[in-house]
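Read the numbers this way: they start at 1 and go in the same order the structure lists the ligands and their atoms.
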Amino acid sequence: MSKYSTEELLALDKQYVWHPYSSTVNAADVFPVVSASGVRLTLSDGTELIDGMSSWWSAIHGYNHPILNAAIYRQTEAMSHVMFGGLTHPPAVELCQLLTSLAPPGLTKVFLSDSGSVSVEVAIKMAIQYWFSLGRPEKNRLLTIRNGYHGDTFGAMSVCDPVTGMHEIFRGILPTHLFAPSPTSRFGEPWDESDIAIFHQLVDKHHQEIAAVILEPVVQGTGGMNFYAPEYLKRVKSLCEEYDVLLICDEIATGFGRSGKLFACEYADISPDILCLGKALTGGYMTLAATLCNDRVSKGIGGGKVSTFMHGPTFMANPLACSVALASIKLLLSTPWQRKIADIETILRQQLNPCRALAGVHDVRVLGAIGVIELTQPVDMHTIPREFVNRGVWVRPFGKLVYIMPPYIISPADLITLSNALCEIVQIANK
Ligand SMILES: *Cc1c(COP(=O)(O)O)cnc(C)c1O
């Protein structure tokens, strides 16, 4: 129990706390949550909300899961943290071994870090140091696609969509990379050969200065919630090979089943040179991320004139985080997750597709355990979140995108309640 009443807590929050992607001057409401269990968040007044966000893609098994709780308790009794420089421990070793065995083929080394953005920084540094080590320091730029999201730190931000990533604020200090248009061939629809043309022109023109291509495979997350044709990813992979450019796949949002495959790369049957994982890695319990690479990258860097990789977060390989990640992955693999996600996908299609006909709805998209309604106008974040709360669900829209990616354990009845709320809100949002 807090020593403050809810009113006091919210007043103090307004006074002292800066929330993600928010203004302290024109702050929107926040809701006081006191506990979470299964797919429900409980607010201080006792209101229960069905969670449609999995706490930003991460809580795939829901909240307060006995197996994940036990993994953390057990690990606290052994050690909560030790530095990783010069020391190692079973949770880290077992996790890295498990990740390489599950990831697309060829990814053999794992660098652990503490957040998705940092794992992207690590991936970018690896790619640039790789070419430095091979005596090609001029290969230090990145090529990516529009509508991407890779995190909020400087390197990661520099490859986010320039518009939604607000590059204008940081012009001059943000590295300028190369952007191809976002693919227009949709997942499950016919492939349009012209889709890859500009990307092809950019690699052709700039490959001498490009270290790597970085993109989110098949599912572009927060930057646009687009599901694109796996053929695009196949073409990117073969162009990377043809022009001798590394490929970095950012599966921080898609990893661990969300798209219907364990990793979205599997839709295109490709392996990147470098892979970023995070979010669902610990089942949403702790912050942890991983950058995996193949032998080409690790041996290339190791054989260079600076053979060490100069990165090492203080909390690298935190034992609590590694233990709960191991428990979460094993739990996922022990469940019929493919079937669960296919069932979620079926219900989302049934429930959300009719919204296409509503005024103000631009598009409806569903893939795996992700449902998206794209509106023609941005949502008013001062009013709409409360409308969701009033309907007993937790959904956080972004711009024109109203989307859900619930915990995989959600029941059909809860999923229908959640989807219905989405369809209702979409109608209010356009009034
Ligand atoms: C969330 C996300 C990141 C950033 O991860 P953080 O843990 O928030 O730093 C990077 N890439 C993708 C695709 C993401 O969805």
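Aromatic ring centres of Phe154 and Phe170: separated by under 6.0 Å. A centroid separation of 6.0 Å or more is found between the aromatic rings of Phe398 and Tyr21.
Interface atoms of ligand 1 facing Gly151, defined by a heavy-atom separation under 4.0 Å, are 4 (C), 10 (C). When each atom of ligand 1 is checked for a heavy atom of Ala253 under 4.0 Å away, the hits are 15 (O). Within the listing of ligand 1, atoms 4 (C), 5 (O), 6 (P), 9 (O) sit less than 4.0 angstrom from a heavy atom of Ser117. Residue contact check: Lys279 has heavy atoms under 4.0 Å from atoms 1 (C), 2 (C), 3 (C), 14 (C), 15 (O) of ligand 1. Heavy-atom proximity to Ser115, at under 4.0 Å, picks out these atoms of ligand 1: 7 (O), 9 (O).
Taking 4.0 Å as the cut-off between side-chain N and carboxylate O, Arg40 and Asp51 do not count as a salt-bridged pair. Salt-bridge annotation for Glu251 and Arg258: absent, with no side-chain N of the basic residue lying under 4.0 Å from a carboxylate O of the acidic one.
Within 6.0 Å of atom CD in Gln338, more than 12 heavy atoms from other residues, nucleotides or ligands are found, so the atom counts as buried in its surroundings.
Comparing heavy-atom distances from atom 11 (N) of ligand 1 across Thr153, Asp250, Ile214, Thr222 singles out Asp250 as nearest.
For Trp57, no heavy-atom contact with ligand 1 is shorter than 4.0 Å.
Nearest to atom 7 (O) of ligand 1 among the protein's heavy atoms is Gly116 N, 2.8 Å.
Evaluation of the side chain to side chain donor-acceptor pair (under 3.5 Å) test over residues 310-329, restricted to residues two or more places apart or in two chains, returns His61-Ser328, Gln75-Ser323, His81-Asn318, Lys125-His311.
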